[in-house]
Amino acid sequence: MVTDALGRIQSVLLLGGTSEIGLATVGALVARGAQRVILAGRDPQGLERAATQLRPGPTVAVAPFEVTRTDEHAGTIDAVFEAGDVDVVVMAVGTLVDQADCEAHPAVAVHAGEVNFVGPLSVCLHAARRLREQGHGTLVVISSVAAERPRRVNFVYGATKAGLDAFARGLSDALVGTGASVLVVRPGFVRTRMTAGLPEAPFAVDPEDVARAVASGVASGRTVVWVPPALRPVMAVLRHLPRPLFRRLRR
Amino acid sequence: MTVEQRLLRGWAGGPPTRADVVTVTDDDDARPHRAPSRGCLPRGLGRSYGDAAQNAGGLVYDLTGLTGVRRFDTRRGLVTVAAGTSIAQLLRVVVPQGWFPAVTPGTRWVTVGGAIAADVHGKNHARDGGFCRHVRTFVLATPTGERRTVTAHHDPEVFWATAGGMGLTGVVTEATLQLTPIQTTVMRVQIERTADLDDTLARLHACDDRYAAAWLDLADSRRGGRGILSSGDHARVDDLPSTTPGGVLQAPSASRWSAPARFPSGMIRPSLVRGFNELYYRAAPERPRQRLESLAGFLYPLDAVRDWNRLYGSRGFLQYQIVVPFGAEDVVRTVAERFSAGPATPALAVLKRLGSRGGPLSFPLPGWTLSVDLPLRGHRVPRNRDEPELASLLDELDRRVLQAGGRVYLAKDARLRREVFHAMYPRWADWRAVQARLDPGGRMRSDLGRRLELLA
């Protein structure tokens with residue numbers, strides 16, 4: 001196991017085993033030598049389909065995992081780590097909620113908070129515990145550019161990602177010196193099922209772009225990556241725009 | 001004995017992992033049979049380049065506090081030292097008495113225990129074999145709690161599983177070495193330029209001095225692997241001019257020069273290496289010339305700058321060292337050519353001849369060994385485009401080396417694929433059978449062992 005000098009890894013656990021960004025990331029890590037893959041998710045058929053697509057290169061196992069059932073997380077994570085070291089854990093669970101829907105039905109917002117923030121908090125802490133014990137490994141947390149500043153058009157989603165992002169950066173600091181680390185990934189608009197039908201934003205990317213950025217971020221030991229990288233300076237400017245002006249930005 | 005959590009990395013600065021480090025100051029501090037579930041591993045001065053002396057999440061015995069010469073038979077040249085004793089410390093005791101280690105690697109900052117674990121070789125391997133050939137006996141704290149005194153004669157399986165066994169058979173706490181007599185601490189050296197790689201191979205082949213190694217210029221493909229062959233032996237008293245004062249038996253002192261603690265990555269650039277190589281080549285005499293050199297200058301040139309590995313910056317470097325049997329010169333040529341053509345700059349390349357084989361996991365076999373240092377780039381440099389390219393180049397060279405019956409040196413490795421390792425070391429299964437008898441509980445572990453499935 002263990003990351004080699006060229007940043008190649010041997011095993012990866014994907015939380016959110018049918019996520020397009022997650023699977024693209026696993027694909028990129030497999031292309032760089034990963035030989036053991038565990039897909040954890042709630043849709044058994046979807047997981048099997050994804051597993052079939054990854055084979056025959058690596059050995060692929062599937063594990064039942066539901067992000068909102070936080071009482072089961074310890075068992076899920078421990079079972080995976082008992083079977084062997086995990087070099088990279090990708091936390092790719094997430095849902096995009098309709099802002100108007102949230103405002104009309106607060107229960108929808110609560111659910112988004114559970115899927116995007118509360119559940120990941122729990123599963124990431126369990127994963128971090130095991131990574132700390134094994135003395136090496138990277139936890140990849142898929143955040144979002146929306147975490148950077150709340151916007152009128154999607155602030156519930158933005159708030160859940162902002163919470164996750166802050167949590168992940170804090171966890172990253174907590175793990176310094178343990179051999180384990182956290183990589184926070186902030187993609188912009190990614191063309192996936194989740195965003196299908198939505199108007200495309202500037203700097204839109206494909207899941208494969210995110211995957212490549214994650215793979216090289218893991219290899220070089222970075223702590224934050226933006227996809228595309230240009231979003232970092234763009235958001236640095238947007239974050240400091242006066243609110244009345246920022247409010248009027250459409251995308 | 002103290003325990004402390006530490007991040008450990010290899011000499012080449014690969015990815016660190018965390019271990020509980022136990023500082024061993026007494027032979028009884030090494031208790032591998034008490035190791036926790038992620039196992040334990042001995043570590044010396046950390047000169048293995050990759051992950052051989054790391055054990056993520058487990059215990060690491062730091063042997064550098066267990067030092068000292070315990071017995072020294074100055075008549076027969078037999079010395080017994082604690083396993084954490086460095087070659088440098090050993091020299092200070094034995095050289096003034098007219099003795100020298102029969103085999104020494106290119107640095108004196110390795111421990112005797114580490115030298116056994118990697119069955120290290122020197123510039124005299126073709127003639128004198130590896131380090132462990134001159135180890136008379138060692139004491140092994142086994143993973144079942146025994147203190148076992150092991151000799152090659154009475155216990156050959158355990159001896160040769162430990163020699164080159166990368167620390168995975170237990171903790172060596174003490175060793176007795178057969179030394180070789182010397183009359184002076186001066187080296188009688190011949191330096192000669194070589195025109196290209198074929199010339200280098202031919203001259204190295206013809207050379208019958210005790211020590212021989214060739215420095216190669218691989219930084220520029222147009223230079224075709226020209227180099228400098230230096231060979232020699234310990235000077236005898238009558239080799240020295242009569243003006244040389246007495247007191248010639250003096251161990252080399254530690255270098256005064258040290259690399260800065262933080263050095264930016266990416267400084268070792270192609271243009272710099274090419275320029276350095278040009279000057280270095282020109283500094284060598286055009287025609288073969290005899291001269292006297294200091295012992296450290298000839299045998300330990302890299303020790304001139306302490307912590308020279310820092311010059312590669314935070315991202316570190318990678319050393320690729322291979323051996324191929326005689327007759328596979330075309331593979332040496334291919335490796336040299338492929339490195340000259342990029343993607344990474346070969347900063348330092350050394351070619352040597354090796355002699356006989358050692359234990360099942362020992363690196364040497366009769367043939368050519370080429371080692372090449374490759375700087376890795378800083379991670380602030382645009383998303384290291386080079387590294388995947390370098391990874392696939394090395395994978396391809398591995399295949400060529402394997403086809404020729406050669407192998408990669410585990411003490412240098414930080415990226416070999418496990419299936420390739422198993423093909424390169426066909427006697428691994430013999431080694432594993434002995435290792436499993438010594439360690440039925442699976443107490444001995446290392447990151448190298450996990451990566452290459454040495455303990456599968």
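It should be emphasised that the depicted structure is a prediction, and the values quoted were computed from it without experimental measurement. Letters go in sequence order (proteins before strands), and every chain restarts at 1. Hydrogens, waters and symmetry mates play no part in the numbers below; they use all other heavy atoms, side chains included.
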Legend entry - Residue B:R38 versus chain A: region with a heavy atom under 4.5 Å: side chain

Legend entry - Which atoms of B:L416 approach chain A - backbone, side chain, both or neither, heavy atom under 4.5 Å: neither

Legend entry - More than 12 heavy atoms from other groups under 6.0 Å of CZ on B:R310: yes

Inset, instruction - Could you have a look at A:G217, A:G33, A:G7, A:G135 and say which one has the most heavy-atom pairs with chain B under 4.5 angstrom? - result: A:G135

Legend entry - B:R18 side chain to A:R132 backbone, donor-acceptor under 3.5 Å: yes

Legend entry - More than 12 heavy atoms of other groups within 6.0 Å of A:R69 CZ: no

Legend entry - Minimum heavy-atom distance B:P15-A:A5, with the two atoms named: CD-CA, 3.9 Å

Legend entry - Spacing of CZ belonging to B:R417 relative to CG belonging to A:D4, to within rounding of 0.5 Å: 8.0 Å

Inset, instruction - Nearest 0.5 Å please: distance from the CG atom of B:L7 over to the NE2 atom of A:H136. - result: 12.5 Å

Legend entry - Part of B:D395 lying under 4.5 Å from any heavy atom of chain A: side chain

Legend entry - Atom group of A:Q134 that falls short of 4.5 Å from chain B, counting heavy atoms: both

Legend entry - Distance (rounded to the nearest 0.5 Å) between B:R450 CZ and A:Q10 CD: 11.0 Å

